[in-house]
Amino acid sequence: DPEDQLQPRPPVITFLGHVDHGKTSLLDRLIGINVVSGESGGITQHIRAYQIEKDGAGISFVDTPGHEAFTEMRARGANVTDIAVLVVAADDGVMPQTEEAISHAKAADVPIVVALNKIDIPGIDPMKAMADLSANGLQPSEWGGDIEVVKTSAITGEGMDDLLETLLTVADLNEYRANPNRNALGTSLESQQESGHGVVAKVIVQNGTLRVGDVVVCGDAYGRVRAMFDTLNPELAIEEAGPSTPVNLLGFNTAPAAGEHFYVLDDIAKARELAESREDQARRDSLGSTGPVHVTLENLFDRLGHSEEVQTLNLILRADVRGSIEAIQKELTKLDHPEVKLKSLLSTVGGVTEGDVQLAAASDAVILAFNVVPDEKARSLADKLGVQIRRYDVIYKITDDLKLALEGMLK
Ligand code: GTP
Ligand code: NA
Ligand code: MG
């Protein structure tokens, strides 16, 4: 019985939040390294992933950039994580990329722990940031809610033990498991061409064990694992990587797309065939002849398959005024479908932006625009990424369309 082979695996914990709120500094402090000082302009531009050991058990951490240009990387971080650490600088409170990070964590359906950081700044009033969190649906536990807010300073180290302990408590409650005895599968986080090495792909194993010599396919990339290196000590070669382990992997023929899933096959010819068919597909997609890549209300029914499990349709809602949003949300709650859960990732007043489109692409969402128009940049990005923006000026038309879409009747 394969269930018998499930064993505890390290939690994957991702740091998300607005630019410069202290994600990298906190993580540096937690694992006792110093990445921050080596970053150009002090801005994280990569997705980082490290595994450390604490009292004999592994913990994996993923650091994401907060700059607005990196929505896609934050989404990737959220997609591989078990727990999201939302870093909020106490002097700044909830900012645009904090809100976006909350949306990513919600889309990923993972518990959120807040690190209320920079608590060392003289005269800081943490209440303001806590009120912001509350207004964004994250009610701090000390105010009777269910969100743990840990006050931290990456500079003085205050709250670091508390943060780690809180994360381990959440992890213990969830008992993450995987089967190390099966072929590996996981996700590529980012890749680059390095002179003298070929393609170096940073991947995280999510199930099974990945070994040197394995044949892997990842989207339109494939190859045999030639070598793997530890992400904290890039010189340290490793022979095998179990569940939740990030590694730098050598052996792909070409750089796999970030966020693409990888898996292990028995046979290199088969891997090549699969990768090449994916490559053809990608070429056709880029020529626009195969239609949208992402979910639309028209393809929703097919996309969901006719599965027994409850599945999710992610929505991003934009409207002219607050009142419209509330009215639409109320209508949406009446759409009670046995197999499909509607999840609103973001509901905001104002026109559709490029950021909305990136979020939709990253989390496979449909954008509903009520009495607002997408700006030109958002529209062309949506075309390029195959994201559907549906415009409405009557509320009941939204619910009618969704009902039809859920039945596969929308043409
Ligand atoms: P991006 O990756 O660029 O989004 O930023 P980040 O969230 O990783 O923040 P980073 O760790 O780069 O820190 C940004 C700045 O805030 C740096 O100058 C840090 O020294 C400073 N900083 C981080 N944590 C604290 C803190 O707890 N207290 C104070 N006073 N400064 C902090
Ligand atoms: Na920074
Ligand atoms: Mg950073």
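Computed from a predicted model, the values in this text were never measured in an experiment. Remember, it's 1-based here, ligands and their atoms both numbered in the order they're listed.
Among G42, G17, G41, the residue whose heavy atom lies closest to atom 12 (O) of ligand 1 is G42. Relative to atom 19 (C) of ligand 1, the option among G159, A89, S25 with the closest non-hydrogen atom is S25. Of the candidates L16, T156, T44, T44 brings a heavy atom nearest to atom 2 (O) of ligand 1.
In terms of protein heavy-atom proximity, atom 22 (N) of ligand 1 is nearest to K118 CE, 3.7 Å. Protein heavy atom at the shortest distance from atom 30 (N) of ligand 1 is D120 OD2, 2.9 Å. Ranking protein heavy atoms by distance to atom 1 (P) of ligand 1, first place goes to D20 N, 3.7 Å. Here the heavy atom of the protein found nearest to atom 9 (O) of ligand 1 is G22 N, 3.1 Å. Of the protein's non-hydrogen atoms, I155 CG1, 3.6 Å is the one closest to atom 31 (N) of ligand 1. In this structure, atom 6 (P) of ligand 1 lies nearest to the protein heavy atom K23 N, 3.5 Å.
Near A154, meaning under 4.0 Å from one of its heavy atoms, ligand 1 places the atoms 24 (N), 26 (C), 27 (O). Those atoms of ligand 1 with a heavy atom of S153 less than 4.0 angstrom away are 27 (O). If you number the atoms of ligand 1 from 1 as listed, the ones under 4.0 Å from a heavy atom of I121 come out as 30 (N). With ligand atoms numbered from 1 in the order given, ligand 1 contributes 3 (O), 4 (O) to contacts under 4.0 Å with heavy atoms of V19. Per-residue contacts place H21 under 4.0 angstrom from the following atoms of ligand 1 (heavy atoms of the residue considered): 7 (O), 9 (O). Below 4.0 Å from some heavy atom of N117 lie the following atoms of ligand 1, by number and element: 24 (N), 25 (C), 26 (C), 27 (O).
Summarising the geometry of D364 relative to V295, their closest heavy-atom pair is OD1-N, 2.9 Å, with the distance given to 0.1 Å.
T231 and Q51 form no side-chain donor-acceptor contact under 3.5 Å, judged by distance and modelled atom types alone. Using modelled atom types and a 3.5 Å distance limit, the side chains of S188 and E260 yield no donor-acceptor pair. In this model, no donor atom of one side chain and acceptor atom of the other lie less than 3.5 Å apart for H21 and N117.
Distance check on atom 4 (O) of ligand 1: some protein heavy atom falls below the 4.0 Å cut-off. Contact annotation for atom 17 (C) of ligand 1: protein absent (non-hydrogen atoms, distance under 4.0 Å).
A salt bridge links K128 to D132: at least one charged side-chain nitrogen sits closer than 4.0 Å to a carboxylate oxygen. With respect to D109 and K343, a salt bridge is recorded, a charged nitrogen being found less than 4.0 Å from a carboxylate O. Taking 4.0 Å as the cut-off between side-chain N and carboxylate O, K330 and E326 do not count as a salt-bridged pair.
Annotation: side chain of E72 is not in contact with side chain of Q358 (no heavy-atom distance under 4.5 Å).
The closest approach of D20 to the Na ion (ligand 2), by N/O/S atoms, is made by OD1.
Any N or O atom pair closer than 3.5 Å counts here, and V36 shares no such pair with ligand 1.
Only protein N, O or S atoms were considered, and those under 2.8 Å from the Mg ion (ligand 3) are T24 OG1, T44 OG1.
Remark: T169 engages no residue in a side-chain contact (heavy atoms from CB on, under 4.5 Å) (not counting sequence neighbours).
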